[in-house]
Amino acid sequence: MAEVKKHATPMCDDLKKGPWPSFVDDIEQQGLSGKQECLDLLGQLELSFKHKETHWKHGGIVGVFGYGGGVIGRYSDVPEQFPSIAHFHTVRVNQPNGKFYSSAFLRKICEIWDYRGSGMTNMHGSTGDMVLLGTKTDQLEPIFFDLTHQMQIDLGGSGSNLRTPECCMGKSRCEWACIDTQAIIYDLTQTFQDELHRPAFPYKFKFKASGCPNDCVAAIARADCSIIGTWRDEIRIDQTAVAAYMAGEIKPNAGAHADRDWGKFDIQKEVIDLCPTKCMWMEGKTLKIDNRECTRCMHCINVMPQALRPGVDTGATILMGAKAPILEGAQMSTLVIPFIKMEGTYDEFKDFVSSIWDWWMEEGKNRERFGELMQRQSIQELLRRTGLKAIPQMVKEPRSNPYVFWSAEEVEGGWKRDVAEFRKRHAA
Amino acid sequence: MAEVKKHATPMCDDLKKGPWPSFVDDIEQQGLSGKQECLDLLGQLELSFKHKETHWKHGGIVGVFGYGGGVIGRYSDVPEQFPSIAHFHTVRVNQPNGKFYSSAFLRKICEIWDYRGSGMTNMHGSTGDMVLLGTKTDQLEPIFFDLTHQMQIDLGGSGSNLRTPECCMGKSRCEWACIDTQAIIYDLTQTFQDELHRPAFPYKFKFKASGCPNDCVAAIARADCSIIGTWRDEIRIDQTAVAAYMAGEIKPNAGAHADRDWGKFDIQKEVIDLCPTKCMWMEGKTLKIDNRECTRCMHCINVMPQALRPGVDTGATILMGAKAPILEGAQMSTLVIPFIKMEGTYDEFKDFVSSIWDWWMEEGKNRERFGELMQRQSIQELLRRTGLKAIPQMVKEPRSNPYVFWSAEEVEGGWKRDVAEFRKRHAA
Amino acid sequence: MNEYFEKQKELYGDNPGFDISEVLSKPYDKTLAEKLYDPNKPMQNRISDIGPAHFFQFLPPVLKKNYGQWKYHEIVQPGVIKYTAESGDTVFAVRCASARLMTTNLIREVAEIADKYCDGYVRWTTRNNIEFHADSEAKLRALLDDLKSRKFPGGSYKFPIGGTGASITNIVHTQGWVHCHTPAIDASSVVKSVMDDLFEYFGSHKMPAQVRIALACCLNMCGAVHCSDIAILGIHRKPPLVEDERITGVCELPLAVAACPLGAIKPATVEINGEKKKTVRVNEERCMFCGNCYTMCPAMPLADGEGDGVAILVGGKISNRISTPKFSKLIIPYIPSEPPRWQSTVKTIRKIVETYSANANKYERLGDWAARIGWERFFEKCDIPFTEKSIDDYRLAYDTYHTTTQFKWSVHTDNL
Amino acid sequence: MNEYFEKQKELYGDNPGFDISEVLSKPYDKTLAEKLYDPNKPMQNRISDIGPAHFFQFLPPVLKKNYGQWKYHEIVQPGVIKYTAESGDTVFAVRCASARLMTTNLIREVAEIADKYCDGYVRWTTRNNIEFHADSEAKLRALLDDLKSRKFPGGSYKFPIGGTGASITNIVHTQGWVHCHTPAIDASSVVKSVMDDLFEYFGSHKMPAQVRIALACCLNMCGAVHCSDIAILGIHRKPPLVEDERITGVCELPLAVAACPLGAIKPATVEINGEKKKTVRVNEERCMFCGNCYTMCPAMPLADGEGDGVAILVGGKISNRISTPKFSKLIIPYIPSEPPRWQSTVKTIRKIVETYSANANKYERLGDWAARIGWERFFEKCDIPFTEKSIDDYRLAYDTYHTTTQFKWSVHTDNL
Ligand code: SRM
Ligand code: SRM
Ligand code: SRM
Ligand code: SRM
Ligand code: SF4
Ligand code: SF4
Ligand code: SF4
Ligand code: SF4
Ligand code: SF4
Ligand code: SF4
Ligand code: SF4
Ligand code: SF4
């Protein structure tokens with residue numbers, strides 16, 4: 001085991017206290033077991049605590065041959081003090097969808113990372129990747145070869161390309177999954193490998209798929225293309241279970257509120273009155289739902305999972321354009337396809353995606369997210385580019401300003417007018 | 001009585017049918033009684049019906065000496081066919097506030113208008129003026145002299161100046177007037193005569209005053225400065241009257257819904273549940289209101305005028321910036337002063353107004369309404385210009401974007417930084 | 001006499017307009033103006049900046065006496081509001097419609113009625129209705145009978161009674177072809193046609209809540225239709241013509257260029273029989289027909305009988321009652337101009353009114369109803385085709401985008 | 001065996017990653033890569049574009065068997081969710097926290113636990129918690145005891161159990177000073193400090209609804225804090241420095257100029273010991289500290305220990321439950337950086353959490369509560385001073401202006 005040098009890190013050490021898992025303790029242990037990078041990282045972090053500033057240099061373009069993404073270059077700006085992390089590049093590994101692992105998988109990747117990297121990771125990155133934190137430039141190709149040959153797994157995305165798609169656990173464990181999120185995301189990731197590894201877009205593009213409107217992967221806030229499960233038939237009702245909830249035999253919301261006394265469960269107060277569309281009512285002992293008025297918000301189902309379930313004619317709602325604030329301000333995704341079946345190989349959906357990408361690659365400015373293009377060129381332009389029909393579901397409410405565009409074709413007589421003719425009717 | 005020429009106006013004539021007052025019939029009668037202008041106007045209107053286009057020429061700057069407003073120039077673009085309305089200027093007469101008149105007033109102005117104008121009017125213009133429709137340029141000064149000498153009344157506004165201020169009937173008849181709208185508007189109109197008659201602003205500016213949040217003069221939608229009555233103490237409750245409403249002895253909403261069977265009055269359903277803040281409840285037979293939570297929307301008072309009345313510590317809420325769409329889109333007025341006493345000669349309010357005007361005259365672009373300046377330069381700038389304090393009541397909700405401006409003074413150590421110092425800590 | 005009056009007198013008594021009874025009592029002297037006004041000495045004898053006459057002198061006695069002392073009101077029948085003061089005094093306000101566009105003859109008739117039943121006083125409302133005040137039951141009855149009896153030769157009422165409570169009151173509107181230079185549509189004929197059709201609702205309290213209709217004949221929106229339950233808006237759909245010959249003569253080119261909010265107007269030069277002339281050109285694709293260029297420049301007319309027409313907006317409101325004020329929203333981008341009766345516009349509005357009336361809750365304004373059931377359902381129920389024209393693409397468009405999975409199934413999704 | 005599996009195999013069976021058990025069974029060969037990779041023939045032996053391993057192979061047997069056949073769930077205790085399938089099978093999912101920033105040693109410990117109780121399978125959640133699956137009560141008890149027993153030398157739990165239901169679950173966060181080049185604040189130390197303080201709420205169901213906290217160390221918001229109940233955001237407050245000497249060497253000036261959304265950056269020329277050099281100048285008054293210039297140009301650093309710090313936003317949400325998704329709103333523009341424990345930030349968040357918890361209704365998210373009581377009341381109850389910094393002045397500002405007379409009296413109006 002190599003000689004390791006521990007720095008004085010009083011401020012970091014304070015973070016070993018307290019019940020929440022201490023990353024400092026974890027990293028220090030690993031360091032003392034022989035990983036100088038870990039101790040140097042804590043040392044540099046201590047310096048950042050002192051200066052209240054980061055000590056990483058700006059950027060640095062590094063990567064593996066043939067790929068335009070998957071690696072984030074990082075260099076310390078105080079390398080003399082912390083030589084082992086002078087290079088500290090990140091490798092983004094495409095996670096298995098749903099983030100399930102076998103112990104064998106985990107052990108093998110740990111071995112690779114102990115040997116070729118810092119031994120530190122993020123499980124997981126905000127986009128969903130397994131993030132291997134900190135390695136040197138000369139190790140990048142070997143790491144890539146180890147991953148592809150010895151684990152048969154690949155890198156995730158970075159830069160102006162498709163980013164690693166992500167999903168909720170979906171059908172693997174959740175009773176509410178209206179679409180097979182894992183299968184969908186797996187298929188899209190495989191289908192779009194080229195877009196994922198080779199920058200061809202104006203900026204980054206993200207897919208996220210949630211199995212129902214609870215949106216456990218935050219698709220509506222964090223994906224340029226949000227795929228969210230829904231249904232178009234009726235909520236399934238088990239009236240005996242409804243009665244059981246009313247009788248207090250089953251805990252509301254699966255027990256999610258159990259540690260506080262909220263009083264006896266009151267279906268009127270807690271479900272019917274909170275339904276955003278007020279489309280539920282009791283008829284004697286039976287719960288009724290006017291499904292045509294239901295907006296599938298999931299509340300009643302969330303509260304009474306043993307009594308209510310989504311319908312069986314399921315598919316996805318597609319929303320586009322979510323992003324963080326840089327530059328034009330944050331966006332949530334906007335509804336563009338109210339319902340689309342997500343089966344087989346998702347060809348209809350993929351056609352839609354390519355029409356979107358064609359438009360964006362043609363018109364998008366450098367570092368303009370798709371959502372920003374949509375705002376700049378309008379939903380009307382999106383309709384033209386995708387062949388979608390305008391429907392009221394795309395907007396919260398109709399426009400309040402009267403500034404409508406018309407084309408010459410739409411207007412009787414067109415736009416060619418003759419001044420002389422006009423002045424014949426109207427003296428100047 | 002002069003010879004009058006009636007044109008063939010089949011389309012106009014169709015508008016004599018039907019129960020609603022027929023302006024055509026009215027105008028034609030006046031025409032036949034000797035007013036050629038009336039018949040020519042119908043003749044030209046018939047032509048407009050045929051062409052589906054107006055037959056008035058663009059603009060025309062006319063007015064009375066020393067005033068920059070009060071008259072709108074108008075010329076027919078088919079004067080040969082309708083010579084008597086070749087000139088057809090409008091004279092805007094400042095209405096008595098609240099639009100009350102004596103028959104003597106009406107008769108005298110009618111005499112003037114028959115003699116010097118077309119005999120046609122608008123009672124009233126959208127801004128509130130008495131609008132005398134249609135006269136010739138040479139009559140403008142005589143009309144002005146007649147109005148000022150023989151009626152002691154004045155013109156209203158037009159052009160880039162203060163427009164004729166307007167108010168609801170307020171205390172003259174309405175039990176809910178929290179401010180004396182007529183007195184306020186009268187005082188402001190008198191105080192700002194110079195601004196009203198002599199264009200000194202970037203664009204038009206309007207005051208409207210409503211006595212309570214029902215806003216019967218549409219101040220919040222139609223005035224650059226909206227003055228709306230409110231109260232800051234408690235809604236006055238007469239519990240016996242409440243009981244009477246509940247017993248069905250008094251018609252809800254003063255009978256405003258009487259011609260349809262809405263079922264028995266239900267205070268819970270119709271008042272308490274509809275209260276936007278849910279700050280009302282019944283305690284046995286007594287109605288309770290948590291006034292701290294009340295937003296003074298007027299609903300409960302509107303429904304039970306004999307039981308509930310606004311408080312007695314009254315004043316106005318001031319909102320700024322309403323306007324029609326041209327150019328940046330329509331605006332409603334924005335809350336800037338939550339409560340201000342409106343008594344005596346309104347000096348505190350007038351100081352506020354001059355600070356607003358100073359800013360606008362300094363920074364406003366040509367034809368930029370005050371509301372547009374507010375949007376362009378921010379509420380923060382409005383606070384600086386007026387000395388008002390930032391309060392949450394000015395916004396629906398706090399900003400969601402993180403793009404906050406800071407000044408060097410606000411930031412520890414200021415903005416002067418030394419690159420060399422920075423690079424001492426951080427190698428490039 | 002009256003404490004309030006004394007206070008006003010103290011403050012404003014010196015204003016010429018504070019009490020004009022004396023001048024009003026004198027007969028109108030047609031020759032006076034010409035005597036006083038000398039074009040060569042314009043300032044001579046000129047009275048200016050006197051402002052409006054003071055309002056108090058025009059109040060009926062009972063209103064003067066109880067000024068600021070009113071206690072409550074009852075709408076005893078559509079169009080008739082009974083007010084009771086702290087003093088116990090009562091007064092009946094009788095509201096009747098006017099076309100707003102009215103002649104001096106008709107105004108004289110109003111004056112005559114005022115003298116007969118109302119001590120010579122009358123008022124107009126903020127929506128162009130006329131209000132008479134009767135201080136006794138007897139006067140009220142007589143007044144009502146009189147008003148009902150007055151008709152124009154063609155048979156229309158001169159003073160139909162109504163406009164109170166949950167009714168459809170008078171339509172706020174503008175000049176149209178009767179006086180303005182920028183209109184896309186007429187005003188008075190549209191108002192007459194719509195109100196003829198909705199007349200039954202003017203004189204009754206059958207709506208779920210008040211329904212306020214407004215009309216503006218161009219995007220300037222003098223009718224302030226931007227916050228109405230139902231708005232009738234005149235729109236252009238053809239870009240401005242450019243009169244190269246006269247433009248430099250009638251307007252400043254830079255102002256014309258600057259007038260366009262979308263920068264669609266650019267300076268240009270043309271050759272007119274041999275000589276170069278400065279003018280402007282319009283990028284027609286970028287024009288949104290706002291008409292601001294024509295407002296600034298007479299040589300850029302937009303009006304076109306074929307292209308112009310009506311847009312319908314709904315769901316706006318002004319009062320702060322229950323919900324906050326709302327903008328009207330564009331639901332029908334275009335209906336052709338159909339003078340004199342505008343039948344398609346009339347039919348559309350009737351359909352909206354009936355659907356709202358049949359479906360909304362008591363006290364629920366049209367826009368609150370639409371928001372509650374969802375706009376997809378509003379379009380479905382009213383049988384109005386949804387077009388891309390209703391989707392905002394101006395400055396604040398993003399805030400109208402639908403960023404949720406919450407929506408209702410409707411004909412629009414059924415037919416996908 | 002399994003119908004679903006067969007279907008997936010049909011579609012994806014040929015992908016190298018469909019079944020990686022064989023390669024995983026082989027020991028790691030440290031020398032292989034160097035043998036296969038030849039810098040001079042980079043394409044030789046290169047495998048690329050194979051994508052992720054197929055998910056199905058990593059599911060615990062009971063999840064494989066009941067894939068898509070789950071019926072309902074019960075949270076039997078905080079952190080333990082019991083799932084029942086149509087088949088009657090059940091499984092317990094046990095959720096425990098992680099710091100997200102974790103070492104291979106700790107991951108090996110996770111693997112060891114998975115082998116002991118979960119047939120060798122484990123998963124991570126979308127919020128960086130770890131989930132183990134026990135298919136029997138017995139295994140569950142043993143698993144729970146084991147997890148509770150594991151601590152770091154300093155005494156902190158390695159795998160605290162909780163994060164379900166109406167709890168405060170793990171904080172979504174970003175790199176901070178541990179790895180990124182643009183942060184205004186650290187991430188991991190803030191998360192540790194906040195969760196130490198709120199620990200009791202991670203392991204209990206005491207909140208009115210779920211409370212989702214997120215952290216992003218700069219305006220890029222990799223933590224996607226823009227839709228969180230409570231958001232911790234790192235901000236800069238000093239305009240970028242400009243390194244005239246090196247700027248042309250390290251970035252394209254036009255890109256730097258174009259980077260600024262407010263056009264605050266303009267090209268400039270300076271004299272550096274006698275010779276003219278191209279560079280840029282920042283109109284500091286117009287800078288809003290977004291950091292985009294530094295992202296594009298290394299010679300324009302913003303970071304400054306004194307100027308940088310924390311902004312707090314609240315009221316965002318993502319789920320479509322009851323109310324639609326919402327953005328977080330800026331309520332505290334600045335709190336100084338206080339590493340390592342960030343005590344002011346911790347205190348502020350505790351205060352917000354306690355006030356929300358004490359006042360909101362069951363099922364009511366923080367933002368829905370604030371909207372219901374009104375933001376004036378929110379600031380009052382939480383004792384947070386309202387500053388002009390919370391008033392929007394960016395692109396869509398107008399839509400946040402308060403255009404109604406409806407407001408509540410509060411300390412803000414009391415003190416006027
Ligand atoms: C590693 C990660 C944060 C983490 O700790 O997990 C990350 C790290 C960085 N992000 Fe991010 N982003 C990460 C997820 C996100 C997310 C969240 C998401 O994907 O759900 C967002 C917000 C959603 C979105 O896409 O808008 C996000 C929005 C940004 C932005 C702003 C983009 C925008 O349009 O607003 C930038 C700025 C940029 O692209 O130049 C950015 C840029 C960056 C850079 C590359 C810094 C830079 O200026 O170039 C960071 C590298 C840090 C480092 O040293 O490792 N990162 N970034 C996440 C990726 C890990 C993974 O692959 O799983
Ligand atoms: C007469 C009147 C309409 C009516 O039939 O009642 C009117 C008539 C005109 N308005 Fe208006 N406006 C009238 C009330 C309004 C209102 C309503 C109000 O004041 O409550 C508005 C909307 C509120 C507002 O101020 O924004 C209004 C918004 C406009 C605009 C758009 C201003 C904007 O900032 O959006 C213009 C365009 C302009 O100023 O060039 C305009 C311009 C005009 C012009 C002068 C036409 C023009 O382009 O110059 C019209 C002259 C018509 C004519 O021939 O008589 N008028 N105008 C109203 C004035 C009568 C009176 O003094 O009582
Ligand atoms: C006479 C007038 C004021 C004036 O100075 O001229 C007036 C008079 C009254 N209004 Fe009004 N309002 C008048 C225009 C308005 C306007 C302005 C407008 O329509 O342009 C509004 C805002 C409209 C809007 O919200 O879009 C208005 C919104 C109200 C409301 C709120 C109704 C609602 O449901 O939102 C009330 C309360 C009520 O009706 O119970 C109200 C109540 C009243 C009361 C009951 C006040 C009172 O106690 O005297 C008056 C009789 C009501 C009635 O007609 O049944 N008044 N009222 C105006 C008559 C217009 C007309 O001739 O039809
Ligand atoms: C495991 C996970 C999905 C995954 O693929 O990893 C998950 C799992 C479940 N979520 Fe979730 N949600 C997960 C992230 C989310 C997110 C995303 C996020 O927080 O970034 C959201 C949106 C958050 C938001 O709205 O801001 C989310 C909003 C919900 C909701 C809506 C709750 C609400 O009141 O709005 C439900 C319904 C409920 O809790 O009753 C829900 C319900 C559930 C259920 C009950 C679904 C089921 O039947 O299995 C799962 C257990 C809930 C629990 O923890 O009590 N899940 N859930 C994620 C666990 C995160 C964690 O470790 O804490
Ligand atoms: S999004 Fe819906 S389907 Fe997916 S895990 Fe959450 S609740 Fe289950
Ligand atoms: S899903 Fe939501 S909208 Fe539909 S019935 Fe249940 S609570 Fe109501
Ligand atoms: S605004 Fe208020 S005070 Fe004025 S008339 Fe209407 S209800 Fe009465
Ligand atoms: S005025 Fe409005 S908010 Fe206040 S108590 Fe009455 S209904 Fe409620
Ligand atoms: S709305 Fe337009 S057309 Fe009508 S009066 Fe006003 S300016 Fe003239
Ligand atoms: S109508 Fe409006 S948009 Fe069109 S050219 Fe004229 S100013 Fe520009
Ligand atoms: S939020 Fe900013 S500082 Fe933090 S990781 Fe993302 S880019 Fe880096
Ligand atoms: S920080 Fe943002 S606003 Fe400031 S100069 Fe850089 S890019 Fe412009």
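Note: hydrogens, waters and symmetry copies are ignored here, and every other heavy atom, side chains too, is used. Quick note on labels: first sequence line is chain A, next is B, and so on, each numbered from 1.
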Would you call the rings of [X] and [Y] parallel, tilted or perpendicular if under 30° counts as parallel and over 60° as perpendicular?
X       : Y        : answer
C:Tyr4  : C:Tyr67  : parallel
B:Phe88 : B:Trp56  : parallel
B:Tyr67 : B:His197 : parallel

What part of [X] gets closer than 4.5 Å to chain C, counting heavy atoms only: side chain, backbone, both or neither?
X        : value
B:Leu274 : both
B:Glu46  : neither
B:Cys174 : backbone
B:Gln190 : side chain
B:Asn366 : side chain
B:Phe144 : side chain
B:Ile112 : both
B:Ile153 : both
B:Glu28  : neither
B:Thr189 : side chain
B:Phe49  : both
B:Ala177 : neither
B:Cys167 : backbone

Specify which of [options] makes the most heavy-atom pairs with chain C at under 4.5 Å.
options                                : result
B:Glu141, B:His51, B:Lys16, B:Lys35    : B:Glu141
B:Met11, B:Arg222, B:His257            : B:His257
B:Leu133, B:Asp215, B:Asp14, B:Leu15   : B:Leu15
B:Val24, B:Leu327, B:Ile72, B:Asp26    : B:Asp26
B:Gln306, B:Met298, B:Met120           : B:Gln306
B:Ala324, B:Gly156, B:Ala219, B:Ala221 : B:Ala221

| query | Looking only at side chains, do C:His181 and B:Thr54 share a donor and an acceptor under 3.5 Å apart? | reply | no
Could you walk me through whether B:Asp259 and C:Ser204 pass side chain to side chain donor-acceptor pair (under 3.5 Å), step by step?
CA-CA 6 Å; B:Asp259 296 339; C:Ser204 65; 4.8 Å; no
Select one option (side chain, backbone, both, neither) describing which atoms of [X] are under 4.5 Å from chain B's heavy atoms.
X        : value
C:Glu131 : side chain
C:Gln175 : side chain
C:Ala259 : backbone
C:Pro78  : side chain
C:Ser48  : both
C:Gln8   : side chain
C:Tyr28  : both
C:Phe327 : both
C:Arg395 : side chain
C:Lys30  : both
C:Cys180 : both
C:Asp186 : side chain
C:Pro27  : backbone
C:Ile81  : side chain

What's the shortest heavy-atom distance between [X] and [Y], and which atoms?
X        : Y        : result
C:Tyr12  : B:Ala183 : OH-O, 4.3 Å
B:Trp176 : B:Pro305 : CZ2-CB, 3.8 Å
C:Val23  : B:His149 : CG1-O, 3.9 Å

### Query
How about C:Pro153 and B:Gln29: do any of their side-chain heavy atoms sit closer than 4.5 Å?
yes
Note to self: Is any side-chain heavy atom of B:Phe145 closer than 4.5 Å to one of B:Val64?
What the structure shows: no
Salt bridge [X]-[Y], side-chain N to carboxylate O under 4.0 Å:
X        : Y        : answer
B:Glu111 : C:Arg108 : no
B:Glu166 : B:Lys208 : yes
B:Glu175 : B:Arg309 : no
C:Glu74  : B:Lys251 : no

Separation between CZ (C:Arg100) and OG (B:Ser126), nearest 0.5 Å, reads 5.0 Å
Take atom CZ in C:Phe18; do more than 12 heavy atoms of anything else shown fall under 6.0 Å from it? yes
Quiz item: side chain to side chain donor-acceptor pair (under 3.5 Å) between C:Ser21 and C:Asp19: does it pass, once the steps are laid out?
Solution: CA-CA 6 Å; C:Ser21 50; C:Asp19 178 355; 2.6 Å; yes
**Asked** Yes or no on ring-ring contact (aromatic ring centres under 6.0 Å, His included) for B:Tyr101 and B:His124, after CA distance, side-chain angles and deciding distance?
**Response** CA-CA 13 Å; B:Tyr101 297 92; B:His124 292 76; 5.6 Å; yes
